[in-house]
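Here's the structure we're looking at; comments come further down.
Values reported hereafter were calculated over all heavy atoms of this structure, with side chains retained and with hydrogens, waters and symmetry mates removed. Letters A, B, ... are given to chains in the order of the sequence lines, protein chains preceding strands, and every chain is numbered from 1.
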Protein chains: 4
Amino acid sequence: MTGLQEAQRDQDDKLHEECGVFGIFGHPDSAALTVLGLHALQHRGQEAAGIVTFDDGHFMSERHPGLVGDIFGGRNADRVKNLKGAYAIGHNRYSTAGGSAVRNIQPMFADLIGGGLALAHNGNLTNARALREELVGEGRIFQSTSDTEVIIHLAARSLYRPIVEKLVDALKKVKGAYSLVALTSKKLIGVRDPWGVRPLVLGKLDNSYILASETCALDIIGADFVRDIEPGEVVVITKEGIESFRPFAQQPNRFCVFEYIYFSRPDSVVEGRNVYEHRKLTGAELAREAPADADMVIPVPDSSIPAAIGFANEAKLPFELGIIRNHYVGRTFIEPSDGIRNFSVKRKHNPNRATLEGKRVILVDDSIVRGTTSKKIVQMVRDAGATEVHFRVASPPTAHSCFYGVDTPNTDDLMAHKMDVEQMRRLIGADSLAFISMDGMYRAMGHAKRNAAAPQFCDACFSGAYPIELTDITGASRSSQLSFLADAAE
Amino acid sequence: MTGLQEAQRDQDDKLHEECGVFGIFGHPDSAALTVLGLHALQHRGQEAAGIVTFDDGHFMSERHPGLVGDIFGGRNADRVKNLKGAYAIGHNRYSTAGGSAVRNIQPMFADLIGGGLALAHNGNLTNARALREELVGEGRIFQSTSDTEVIIHLAARSLYRPIVEKLVDALKKVKGAYSLVALTSKKLIGVRDPWGVRPLVLGKLDNSYILASETCALDIIGADFVRDIEPGEVVVITKEGIESFRPFAQQPNRFCVFEYIYFSRPDSVVEGRNVYEHRKLTGAELAREAPADADMVIPVPDSSIPAAIGFANEAKLPFELGIIRNHYVGRTFIEPSDGIRNFSVKRKHNPNRATLEGKRVILVDDSIVRGTTSKKIVQMVRDAGATEVHFRVASPPTAHSCFYGVDTPNTDDLMAHKMDVEQMRRLIGADSLAFISMDGMYRAMGHAKRNAAAPQFCDACFSGAYPIELTDITGASRSSQLSFLADAAE
Amino acid sequence: MTGLQEAQRDQDDKLHEECGVFGIFGHPDSAALTVLGLHALQHRGQEAAGIVTFDDGHFMSERHPGLVGDIFGGRNADRVKNLKGAYAIGHNRYSTAGGSAVRNIQPMFADLIGGGLALAHNGNLTNARALREELVGEGRIFQSTSDTEVIIHLAARSLYRPIVEKLVDALKKVKGAYSLVALTSKKLIGVRDPWGVRPLVLGKLDNSYILASETCALDIIGADFVRDIEPGEVVVITKEGIESFRPFAQQPNRFCVFEYIYFSRPDSVVEGRNVYEHRKLTGAELAREAPADADMVIPVPDSSIPAAIGFANEAKLPFELGIIRNHYVGRTFIEPSDGIRNFSVKRKHNPNRATLEGKRVILVDDSIVRGTTSKKIVQMVRDAGATEVHFRVASPPTAHSCFYGVDTPNTDDLMAHKMDVEQMRRLIGADSLAFISMDGMYRAMGHAKRNAAAPQFCDACFSGAYPIELTDITGASRSSQLSFLADAAE
Amino acid sequence: MTGLQEAQRDQDDKLHEECGVFGIFGHPDSAALTVLGLHALQHRGQEAAGIVTFDDGHFMSERHPGLVGDIFGGRNADRVKNLKGAYAIGHNRYSTAGGSAVRNIQPMFADLIGGGLALAHNGNLTNARALREELVGEGRIFQSTSDTEVIIHLAARSLYRPIVEKLVDALKKVKGAYSLVALTSKKLIGVRDPWGVRPLVLGKLDNSYILASETCALDIIGADFVRDIEPGEVVVITKEGIESFRPFAQQPNRFCVFEYIYFSRPDSVVEGRNVYEHRKLTGAELAREAPADADMVIPVPDSSIPAAIGFANEAKLPFELGIIRNHYVGRTFIEPSDGIRNFSVKRKHNPNRATLEGKRVILVDDSIVRGTTSKKIVQMVRDAGATEVHFRVASPPTAHSCFYGVDTPNTDDLMAHKMDVEQMRRLIGADSLAFISMDGMYRAMGHAKRNAAAPQFCDACFSGAYPIELTDITGASRSSQLSFLADAAE
């Protein structure tokens, strides 16, 4: 985990999306447009990024740690020029423990019988360990610790032809959440898992088709949104056009509700809903469910601004920026030896005393994970003179880990896993604390309530109802530890 | 100019403060606290930063290009450990043309008769060239192209003792705007020029005094705000305590009004006014002066949010985030060869179609410099479906260059220098355009109107009324060009 | 190819060994000793180096481009500390076209059924392409373009157990030259190919066994030389001691004669002969075969000094340093636009006019490859005033490419491939030119003459008699090009 | 001190020249030729290098730590392109304690009245501290700790005109050893101090004059040697040609004898003598003075090879490379925790057992400073089987520090300062030890003997007879320590 990641985790106490993907077919500037698309998707992963293109019989790759703007901008702009060709796929990666090695940066690539396959993946497989053990048992060699390599090995082993069929054959064997883009020498392929947990959209720019995790990546290049790729759908884009297959057994849709709450950018349209507008609706629902007698509504910036606007409008209270965010975050500093109260939070947030002093404040956040940051922010706001602090959270208590592609702390570190609301209130030191109810969250989505038998979304992090089997977690197959190579400094 | 600077200049079309300063006396963690202070002042200068400390008979220095978090954080944390001692001063630098050499990074230092002097300066001298020529004429050697070195040479040449008197002697010879912090082996010194153009505040943390450009640098370390250093005041902090002198001829106060409009952080309290609250007042005044029939008020993020909130509240219109900002800006990318409409702006801003479509929009910005970005943003908002775009600016037209420490384009590049409001409206493509009036700006400050005979602030960038003589600009003394050394890569 | 490599290739016109290997078992400082061993073997490969150790259930790796002293010395010394454990193998790599990617740096590693295998290889396989196509045909995925990965895949696929048997099974399928060291969680393994083309020696330091390409790597750590590993021998070192196997069909010994001529360090003892003493004998034989009437004998420094001493002693002529070498070679410089005669050679060599002026000179070199450098050196020596230049070469004409682990130019670039001696003499501009005869070279080795039916050494680069089948070169199996991923900047 | 320097000091136990200088006037490729000249002079200083050129009204500079080939070669070749113009001076710097900051890298530059002056200096001033205190007393500001800046300040203060007269005025005030090159906007200037301690030669390439520390820098660019600059001579090169002045009081010549013994490259011609030939003569004289009954003569490589050849020829004994040097030295490694005998020496030297075993050996070195390395080498040679080791040194015992531009250990660390020859013999463990006598050294120079009243050379390091007053060393003026700024990482 890089210093930047540490710093962010330390400061924002959020769940983090692990990846963003982008692909484009048939555009002379495919690499430059992929850079822009990945830049627009930067919020989905900041540890590393990579792009693979194909031109004149060869695949070309640039995969590096860092932010897209640093990897492909400024003095590194030559890397974009190296990536020739009209087809490209790209990937933003969020860090996961032990996996920051260059060899884990996507897209991954392999030469299969019949040609090369590059693959970029957003999500997480729940039977990857079991499959990996089976593949190693056949004498197959892994170079990374990434799930994506499992899919590539399964494709390489497949007897089907052509490569797109090998990929489908591979995906039939995996379980879990995945939205992926793949590139062969002739095709751009996009796939969403049968439950449709992670997003993937189709766009068009002139005659070029585009696949991306979110619509904001279409906006930045001026492309038109065509439609969402559907759960279980495989789209294959060639010079002849676009084709669609549904090779998997159908499953109930379980789109990740957290994409609305925090992951997606507010300007994205996700499965038909604008994220910003949705967050305002959630804030309003929260205001109805859990009003408070106060002088103003204040967001924990920046992600909670829409929910706070919605809350303030509904509550007919002023919306104020009572906490100012420093956008130059950077790496962790040395902590002064005699300590500074709320040191780590202050690098990013400062309360505005002139606005807060003597006021009763409603603090709106989109979610709470560990509660450590919330506690510091409540204290900061009190220190700045607020007389009352009412904390409102625009999502239900996060009580369960995610195994579908989101970086979650261990269950034991989730504040809501071990405490009830009153305990949590005391922990964070607020005068009152309320989360939106599960049904309230669904109401803000336009549903009357959560359908307990077949929930309209994947809400496992709130409900513990995991739609896709967790083979590696629950299975007895966990055999001997593999003797992984630890590349200390690669 | 670094890629980051280029990118920002390209995208935000703002005036930029050239520096932030910080000093602390008598704290065992002086360097670590200075790092935090500079981090809080990062918005005042992003090109470079430096810190000088004194300990055990020696001054120590770390001066590097980059952001504070990169220079002193993460793997560079050892630099902080190298900076031993209980006294420190630090400086953030904004780039100016041709001056990015390491030797121009502040604080500057020299051995004088009687001991060392380190100096960090926010502002700009208006007779620096004339003084420099005089000093070179005496066989004195310059190592940088910085104004600050002129002050140091004048102090070195001075026959007064001790060093603080040398510094005062030097400052009596310079003209221009300066808020500076200086360090000797025994003293921390703070000075504001007699007009008080640039800010400087005094704070206290336990038994340590602190000097800083803005109060947000006190907040981050938990220090208390004591008071503003007054125009023309010299404060000298020693182990014995703090003393104050007024060695300069008194001048009318002319604090920079742009500190309120854009430079200072919204959570800072500047000369007794909270910046955030002031910006809301300005937005409200603007709403009264120049209302528009519209459906919503939208800020050009992020700096214009307070003015937009003030405008929306006054106008009783919804405040909405109609433009989403991407905070991962980074370096300039390669532009796709066939172009993307509004390419450079889109890296930072994306309009939210769901919010804007079919709506009449009031767009609030705090200032316009060249107008190039405004034009792109208006077009972006229209492309996203807005039916009307009414542009409102929370400052008067910027028609004159600043010579007091702000990075301004040439006068000819200032949109307001050559156009009237209707011409500007047509240039940026808005349905209507209004700037707050000069008197409106003063009213938001709590004055009845601008005092034309003795304006309450320095408003030269709007009015052209320069309070301090511009010797180097207007003087006939501009003799032969010096044969400056161009350190291509130092 | 790095700048350093370019510079060297440009200047020295030598064949280059592609690798050096080192392994140690059972020493608490295994990584530090491997660093020293690789440093002593630096002449065998300067592009990159890597070390793998095993400790506490995990393999650890550090593989980087550059010289050993830069990779593991000075500020990078922490890398050595990261490499914990009592077993280690290491590798120095010489660049080959297109293969400078980090993923090609050895030792390579894979998790096999039963545990991990790390492998470092000196040599070249002659059926690697054919095997690679077969393995890809089975759906196996390659990550590098290195021969070594072919061996690892063959081992991974093998059904034998334990891992050492998998490795032997793999090696039974490969053709070519290889001296390799391998590490499992319990064993250090050393193997030489059945013809014994490349060297590998066994040493001992206290209770630790060592494997190394040359004895100079034993000397640097104060280890004792035990014996050469024999052609076709597999040694397996465990806590229980050392065992030896001979699993391959026996072949006639064909040790690379060029190891004596140029590759090995003069202080190494190679297959029972000290290299320095052998080179002197060769120089003496050359003096007997091709004397010249001259005033002094001058080596082309540094590698030809021993042969020149031997020649001078035999010819009873003074040995003089008439050409001075600049050891600070570094990267290629910009050539002045109006040119400097013999520019590229002069960066490394300068003739000593005071010694050469008016003298008849015998210039001794150990080998000539392209002839370009020889031509420049002859001209340099003439320019410095030599009246006659007699060029003597301590090896026969290099007329054929090597396919057994040596970086050779294309056959067409070998001066001796297309010219007879008189043509070559005219090309390089010498007054006379002589190469040692093939039989003379064998006489210096202590043989009466070359045994044409079964040559005592591999002398293919002189004779064209390749002892090991060149499957990939001559075979018809060269099917379609694989779509290798070109990692431009990894 | 860099790792490279540490490593070298650790291993070679030699005195080290502190600098090399180069200048060229009137050549379109002046920067590229200066790079080559500095490369040829790399042995005189390896810590840093810099070049200043003048073109079109501006001076340009590139000054960086590292080797010339790294600073200006390979991917840094653009730096050469930045250095436009037909005039250039350059400098190689050897490290001295505390002085590795970038601001100490030469050439130094200042704007004086009348134009710029760039200066590069080989030597050391003996009254620099006294002058510096005087200049600081006048309020002048120093940016470096270098002697060179003292000269520049004196020139800047001078009332003479033009700049060349200012420089002469300055030099009249300094004491010590200096050979320097200077550049103004119109002139290239070369000066040697009145005693002529350090070398400086004049060369010509087409119509361009060149100044350089040694003739090897002329050879590399194909320039002709014209003559030595004479002691006390000032040469001024302009478009009109070359002029010569002798502004200083005449002094007896005292050229540094150590330039012959070790500093200069063997292919240089220094004050009329070829260094290589001279070293052979010294070796022969040593053989006559101190013969030994032995089987062979072995140099401590590489610098002692010429002396050993001279010794062997005179003694009619075989010359052999009994110690092999590893030229890939690089940075210091981690020492294995349980130690390796003669670890630090073995990184650079390995004895050749096959040559040494059972032999009586004469080991020839050019000089001994501390004796630590000699001891290790004697032991190494014994360990390799030599039955007797007779150590012969081609210079007298080094018993006194140098204050004229050579990096010498403290007097107490000089082996010869505190021991007689027998004590030294026991320390280094040789069977016999002999140094050439003082008169023997002068005989090898062609003198009958040393003229004690007026020695023909500066031999202060052997004799303690310092020709130039040591003001800073012996004077009582050493007042308070200046408060130098320690730029930890600049």
**Study point:** Backbone of D:R353 reached by a side-chain donor or acceptor of C:D267 within 3.5 Å
**Key:** no
**Study point:** Heavy-atom contact with chain C under 4.5 Å, split by part of D:D302
**Key:** side chain
Review point. With a 4.5 angstrom heavy-atom cut-off, which part of C:A40 approaches chain D: side chain, backbone, both or neither?
Key: backbone
Review point. So which of D:V269, D:V68, D:T215, D:I323 has the biggest tally of heavy-atom pairs under 4.5 Å with chain C?
Key: D:V68
Check your understanding: Just by modelled atom types, is the C:I221 backbone N or O under 3.5 Å from a matching donor or acceptor in the D:K346 side chain?
Key -> no
Exercise for review: Select, from D:V80, D:L36, D:D383, the one with the greatest count of heavy-atom pairs under 4.5 Å involving chain C.
Suggested key: D:L36
Review point. Is C:Y276 reaching over with its side chain to a backbone N or O of D:L321, donor-acceptor style, under 3.5 angstrom?
Key: yes
**Study point:** Flag, side chain of D:H327 to backbone of C:H327, donor-acceptor distance under 3.5 Å
**Key:** no
Revision key, fill the gap. Turns out that what part of C:V275 lies under 4.5 Å from chain D's heavy atoms comes down to neither
Review point. Considering only heavy atoms, which portion of D:R265 lies under 4.5 Å from any heavy atom of chain C: side chain, backbone, both, or neither?
Key: side chain
Review point. Is there a donor in the side chain of C:H43 and an acceptor in the side chain of D:N326, or the other way round, less than 3.5 Å apart?
Key: no
**Study point:** Heavy-atom pair of closest approach, residues D:H39 and C:R347
**Key:** NE2-O, 2.8 Å
Review point. Where is the tightest heavy-atom contact between D:N352 and C:P266, given as atom of each residue plus distance?
Key: ND2-O, 3.6 Å
